[in-house]
Amino acid sequence: MNRLDGKVAFLSGAARGIGGATARMMIEAGAKVAIGDILDSAGRKLAKEIGALYVHLDVTSEASWAEAMDATVKAHGKLDVLVNNAGIFIGKGVEEASLDEWHKLVAVNLTGVLLGTRAALPHLKKSGPASAHGAAIVNLASIAGLVGSQLDPLYSLTKGGVTLFTKSTALEFGRKGYRIRVNSIHPGLIETDMGQQTFVMRARQVGTNDTEKARQTTLGLHPIGRLGVADDIAKGIVFLASDDAGFMTGAGLVVDGGWTAH
Ligand SMILES: NC(=O)c1ccc[n+]([C@@H]2O[C@H](COP(=O)([O-])OP(=O)(O)OC[C@H]3O[C@@H](n4cnc5c(N)ncnc54)[C@H](O)[C@@H]3O)[C@@H](O)[C@H]2O)c1
């Protein structure tokens, strides 16, 4: 189950966090992996450790995506799986966030996903028919792309876009006869650098620096009784990328410790 033998995967924003854990798990599952990030030294270090290819990638740049795809296909011969994982978070309300912060958020969380999808498409169109259940794209959305976020409505605006872009591209590629499945994953609070940033911002919003209290508040939103770890999400991404998810496209996998059951 959940094997990726013979598949080649590319993950954006995978120098650390959920992307890093997923790259590692994909290699353990038999895939050849390339990772791209703006954090070159962390990315190179991780790539060396797990046996992946590292390429510098700024997801907001079309030229950067073209170079990353070329390097991946040159090294590994093809591309079967794209994981649009790179993302950023602001943690400010509608009145507090500046227009520049919004533009940056859109550039990474939305333009980055569009450019990644477009850059990978020629390669996925080619590899899809050669695979029993087609090629696969997995987009990192969030529970903030399913329900409202009082912490960061702007982030929620971008992740809601990723949720519906996933469904729309699944439909478009299906209509065009491409054998490419597109699914999204929706994490609850995951203990990564971004997860830590949410505690800082949550505390700041109530006028304190008490990140431990903010952590406890967030924990209370997860009926399962703990926060998530990167591997919880990596397992879901590996599943969606694998042939075991061969009848899934346009779907969203919620891995949130029960948060959205409320
Ligand atoms: N951590 C959570 O609680 C959580 C919850 C829901 C969704 N997510 C989503 O999961 C994804 C991964 O988040 P994470 O928690 O691992 O965060 P993280 O901050 O640990 O990792 C994000 C990675 O994206 C990279 N990145 C940022 N801008 C980039 C750019 N322009 N080009 C290339 N790479 C760039 C960063 O350098 C970093 O390595 C994000 O899309 C995030 O929105 C996270």
Side-chain angles (χ1 to χ4, degrees), residues 10-25 34-47 54-65 67-68 82-91 101 103-116 119 138-147 149 151-152 154-163 165-166 184-202 214-215 218-219 221-222 226-234 236-237 240 252-257 259-260:
F10 184 89
L11 300 91
S12 71
R16 68 181 190 197
I18 292 169
T22 307
R24 185 189 297 273
M25 208 176 277
I35 61 179
D37 207 298
I38 45 175
L39 298 178
D40 293 332
S41 105
R44 279 204 190 92
K45 186 163 173 275
L46 178 72
Y54 178 76
V55 292
H56 175 82
L57 170 70
D58 176 353
V59 294
T60 68
S61 156
E62 200 162 24
S64 187
W65 267 111
E67 282 170 25
L82 168 69
V83 184
N84 278 314
N85 167 77
I88 57 173
F89 175 87
I90 306 182
E101 285 172 319
H103 285 315
K104 177 145 193 256
L105 192 69
V106 169
V108 177
N109 290 9
L110 286 175
T111 307
V113 174
L114 170 63
L115 293 181
V138 182
N139 293 325
L140 267 287
S142 170
I143 53 169
L146 293 174
V147 297
S149 163
L151 183 61
D152 193 341
L154 280 66
Y155 175 80
S156 174
L157 179 48
T158 64
K159 291 299 184 178
V162 172
T163 302
F165 182 67
T166 300
S184 54
I185 189 156
H186 303 263
L189 196 290
I190 310 303
E191 299 213 63
T192 61
D193 289 72
M194 186 185 289
Q196 187 56 34
Q197 198 192 341
T198 69
F199 304 142
V200 173
M201 299 316 288
R202 191 180 279 278
R215 191 176 184 281
T218 306
L219 179 59
L221 295 166
H222 293 77
R226 68 173 175 89
L227 299 173
V229 294
D231 276 359
D232 290 320
I233 306 307
I237 299 171
L240 290 173
L253 183 62
V254 180
V255 186
D256 70 347
W259 181 319
T260 54

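Model, not experiment: these values are computed from the prediction. Nothing fancy with the numbering, it's 1 onward along the sequence. Order of appearance sets the numbers: ligands from 1, and atoms from 1 within every ligand.
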Does [X] reach ligand 1, in the sense of a heavy atom lying below 4.0 Å from it?
X: Gly195; answer: yes
X: Gln197; answer: no
X: Ala107; answer: no
X: Gly20; answer: no

Q | Test: Asp152 and Arg202 ion pair at under 4.0 Å | A | no
Q: Answer yes or no: is there an ion pair linking Glu191 with Arg215, defined by an N-O contact shorter than 4.0 Å?
A: yes
(Q) Taking CD in Glu101 as the centre, count heavy atoms belonging to other residues, nucleotides or ligands within less than 6.0 Å. Is the count above 12? (A) yes
(Q) With a heavy-atom distance limit of 4.0 Å, tell me whether Glu191 approaches ligand 1 through its side chain, its backbone, both, or neither. (A) neither
Q.
If we set the cut-off at 4.0 Å for heavy atoms, which region of Ser12 has an atom near ligand 1: side chain, backbone, both, or neither?
A. neither
Q: Evaluate salt bridge (charged side-chain N to carboxylate O under 4.0 Å, His left out) for Asp40 paired with Lys45, printing each intermediate quantity in order.
A: CA-CA 8 Å; Asp40 293 332; Lys45 186 163 173 275; over 6 Å; no
Q. What's the shortest heavy-atom distance between Asn84 and Gly112, and which atoms?
A. OD1-O, 4.1 Å
Q. Looking at Val138 and Ile237, what are the two nearest heavy atoms and their distance?
A. CG1-CG2, 4.0 Å
Closest approach of any protein heavy atom to [atom], naming residue and atom:
atom: atom 15 (O) of ligand 1; answer: Thr192 OG1, 2.5 Å
atom: atom 32 (N) of ligand 1; answer: Val59 N, 3.0 Å
atom: atom 37 (O) of ligand 1; answer: Asp37 OD1, 2.7 Å
atom: atom 17 (O) of ligand 1; answer: Met194 CB, 3.4 Å
atom: atom 3 (O) of ligand 1; answer: Ile190 N, 2.8 Å
atom: atom 5 (C) of ligand 1; answer: Gly188 O, 3.2 Å
atom: atom 12 (C) of ligand 1; answer: Asn85 OD1, 3.2 Å
atom: atom 33 (C) of ligand 1; answer: Leu57 O, 3.1 Å

Number the atoms of ligand 1 from 1 as they appear, then name those within less than 4.0 Å of a heavy atom of [X], with their elements.
X: Gly87; answer: 22 (C), 24 (O), 40 (C), 41 (O)
X: Tyr155; answer: 6 (C), 7 (C), 8 (N), 9 (C), 42 (C), 43 (O)
X: Leu189; answer: 3 (O)
X: Leu39; answer: 37 (O), 39 (O)
X: Gly13; answer: 23 (C), 24 (O), 25 (C), 34 (N), 39 (O)

From [X] atom [atom1] to [Y] atom [atom2], the distance as rounded to the nearest 0.5 Å:
X: Ser156; Y: Phe89; atom1: OG; atom2: CZ; result: 10.5 Å
X: Ile90; Y: Leu105; atom1: CD1; atom2: CG; result: 4.5 Å
X: Leu46; Y: Tyr54; atom1: CG; atom2: OH; result: 10.0 Å
X: Leu110; Y: Thr60; atom1: CG; atom2: OG1; result: 12.5 Å

Q | Ser184 side chain to Asn139 side chain, donor-acceptor N/O pair below 3.5 angstrom | A | no
Q: Decide side-chain contact (heavy atoms from CB on, under 4.5 Å) for Leu140 and Ile233; before the verdict, give the C-alpha distance in whole Å, the side-chain angles of both, and the deciding distance to 0.1 Å.
A: CA-CA 10 Å; Leu140 267 287; Ile233 306 307; 4.3 Å; yes
Looking only at distances, can you tell me whether any N or O atom of [X], backbone or side chain, sits closer than 3.5 Å to an N or O atom of ligand 1?
X: Ile18; value: yes
X: Gly17; value: no
X: Thr60; value: no
X: Arg16; value: yes

(Q) Has Asn109 got a side-chain atom pairing as donor or acceptor with Val106's backbone, closer than 3.5 angstrom? (A) no
Q | Residues Leu253, His186; criterion side-chain contact (heavy atoms from CB on, under 4.5 Å); working and verdict | A | CA-CA 6 Å; Leu253 183 62; His186 303 263; 5.7 Å; no
